[in-house]
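The shown structure was predicted, so the numbers you read here are calculated from the model rather than taken from an experiment. As the structure lists them, so they are numbered: ligands from 1, and atoms in each ligand from 1.
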Amino acid sequence: MGFTSALKGLFLVAMAASMLRVSMANRNWTNNYNDTAGWGWGSYHRPNRTDTASRNIVVGGSDNWHFGVNYTDWASKTAPFYFNDTLVFNYDSPNKTFSHSVYLLPDLWSFKNCDFSGAKMVANITEGRGNGFEFVLKQWRPHYFACGEGPDRFHCKNGNMKFFVMPLLRWPY
Ligand SMILES: *[C@@H]1O[C@H](CO)[C@@H](O)[C@H](O)[C@H]1NC(C)=O
Ligand SMILES: *[C@@H]1O[C@H](CO)[C@@H](O)[C@H](O)[C@H]1NC(C)=O
Ligand SMILES: *[C@@H]1O[C@H](CO)[C@@H](O)[C@H](O)[C@H]1NC(C)=O
Ligand SMILES: *[C@@H]1O[C@H](CO)[C@@H](O)[C@H](O)[C@H]1NC(C)=O
Ligand SMILES: *[C@@H]1O[C@H](CO)[C@@H](O)[C@H](O)[C@H]1NC(C)=O
Ligand SMILES: *[C@@H]1O[C@H](CO)[C@@H](O)[C@H](O)[C@H]1NC(C)=O
Ligand SMILES: *[C@@H]1O[C@H](CO)[C@@H](O)[C@H](O)[C@H]1NC(C)=O
Ligand SMILES: [Cu+2]
C-alpha cells in the first residue's frame, strides 16, 4: 500500500487509540464513586467541575518546541486532547542558528509533505518566548501543526517538528 494510505491508516489507528483511552479514562473516573448498585441511574452523580476543566498542555513536555523531538510520538502518548484544551508552544527567541514558529497546515497531504502553500502562521518566531504561545482547541477537526522554519521547511521535513491532534468532546455535558 502507498505511503498516503499508510498515513490514513495511521490516522485511523490514532483516532481509535484516542477513543480507547477515553473509554479507559472514563472507566477510571467512575471508580471514584461506590457503585454497589451497578450502573443504576440513581447512583450516578456528576463529577466535580475540576474533572472536566480544560487543561494547559505544554507541547513536547519538558522538551518544549525544539528541533529533532518526535512530536508525533509525543502527541500519541499525550492523546486524547479535548475541546478547550490549550496547547502551549514554548520556544526560545531566535538567534543566528535557531528559530521556530507555529503553522497550521490545511490537510493530511500537506502535513505529510510539509507543504506550506496553504498554511496559516499562528505564531511567529518571537511569540514562543516567555510563557509561550497558547493555542486553544476550539474546533472539531484535525489540527495539523508544524514549524515553518529552516531552509526548504527543514524543521518540518527533517526535524520532526510536526504533529496533529483531533480534539474530542468530554462527556457528560
Ligand atoms: C487508573 O487509575 C490507576 C490508579 O489510580 C492509575 O495507575 C492508572 O494510570 C489509571 N488509568 C487510566 C487509564 O487513567
Ligand atoms: C460501598 O458501599 C457499601 C454499602 O454502602 C459499603 O459496605 C462498602 O464498604 C463501600 N465500599 C467502598 C469501597 O467504599
Ligand atoms: C468533589 O466534590 C465533593 C463534594 O463537594 C468533595 O467532597 C470532593 O472532595 C470533591 N473532589 C474533588 C476531587 O475535588
Ligand atoms: C516518531 O514516533 C512515531 C511513533 O512512536 C514512530 O512511528 C516514528 O517512526 C518516529 N519517527 C521518527 C522519525 O523517529
Ligand atoms: C469552551 O470554552 C468556552 C468559553 O470559555 C465555553 O463557552 C464553551 O462552552 C466551552 N466548550 C466546551 C465544549 O467545553
Ligand atoms: C541558539 O539557541 C539554541 C537553542 O536555544 C542554542 O542551543 C544555541 O547555542 C544558540 N546559538 C547561539 C549562536 O546563540
Ligand atoms: C511577532 O508577532 C508579535 C505579536 O503579534 C509582533 O509584535 C512581532 O513584531 C512579530 N515578530 C515578527 C518577527 O514578525
Ligand atoms: Cu523549528
- Message: Below the 3.5 angstrom mark, is there an N/O of Asn70, backbone or side chain, next to an N/O of ligand 4?
- Response: yes
- Item | For Gly130 against Asn90, the heavy-atom pair lying closest together | O-OD1, 3.6 Å
- Message: Can you check atom 14 (O) of ligand 7: any protein non-hydrogen atom closer than 4.0 Å?
- Response: yes
- Note on the structure: The protein heavy atom nearest to atom 4 (C) of ligand 7 is Glu127 OE2, 3.9 Å
- Message: Considering non-hydrogen atoms of the protein only, which is the closest contact for atom 10 (C) of ligand 7, and what is the distance?
- Response: Asn124 ND2, 2.4 Å
- Message: Between Val136 and Asn84, is the side-chain contact (heavy atoms from CB on, under 4.5 Å) condition met? List the steps.
- Response: CA-CA 6 Å; Val136 183; Asn84 278 356; 4.3 Å; yes
- Task: Round to 10° and report the angle made at the Cu ion (ligand 8) by ND1 of His100 and SD of Met161.
- Result: 90°
- Task: Give a yes/no answer: is there an N/O/S atom of Cys156 under 2.8 Å from the Cu ion (ligand 8)?
- Result: no
- Message: I need the minimum non-hydrogen distance between Pro94 and Ser99, along with the two atoms involved.
- Response: CB-CB, 3.5 Å
- Would you please indicate if the ring centroids of Phe81 and His143 are separated by under 6.0 Å? no
- Main-chain N/O of Val58 paired to Trp65 side chain as donor or acceptor, under 3.5 Å: no
- Item | Check: Asp73 N/O within less than 3.5 Å of ligand 4 N/O | yes
- Query: Heavy-atom distance from atom 7 (O) of ligand 7 to the protein below 4.0 Å?
  - Reply: no
- Message: Before you tell me yes or no, could you show the steps for Cys156 and Cys114 under disulfide bond (SG atoms under 2.5 Å apart), namely the whole-Å CA-CA distance, both residues' side-chain angles and the distance that decides it to 0.1 Å?
- Response: CA-CA 6 Å; Cys156 180; Cys114 289; 2.0 Å; yes
- Over 60° means perpendicular and under 30° means parallel, so classify the ring planes of Phe89 and Phe145, tilted if in between. tilted
- Message: Need one value: angle at the Cu ion (ligand 8), Cys147 atom SG versus His155 atom ND1, rounded to 10 degrees.
- Response: 110°
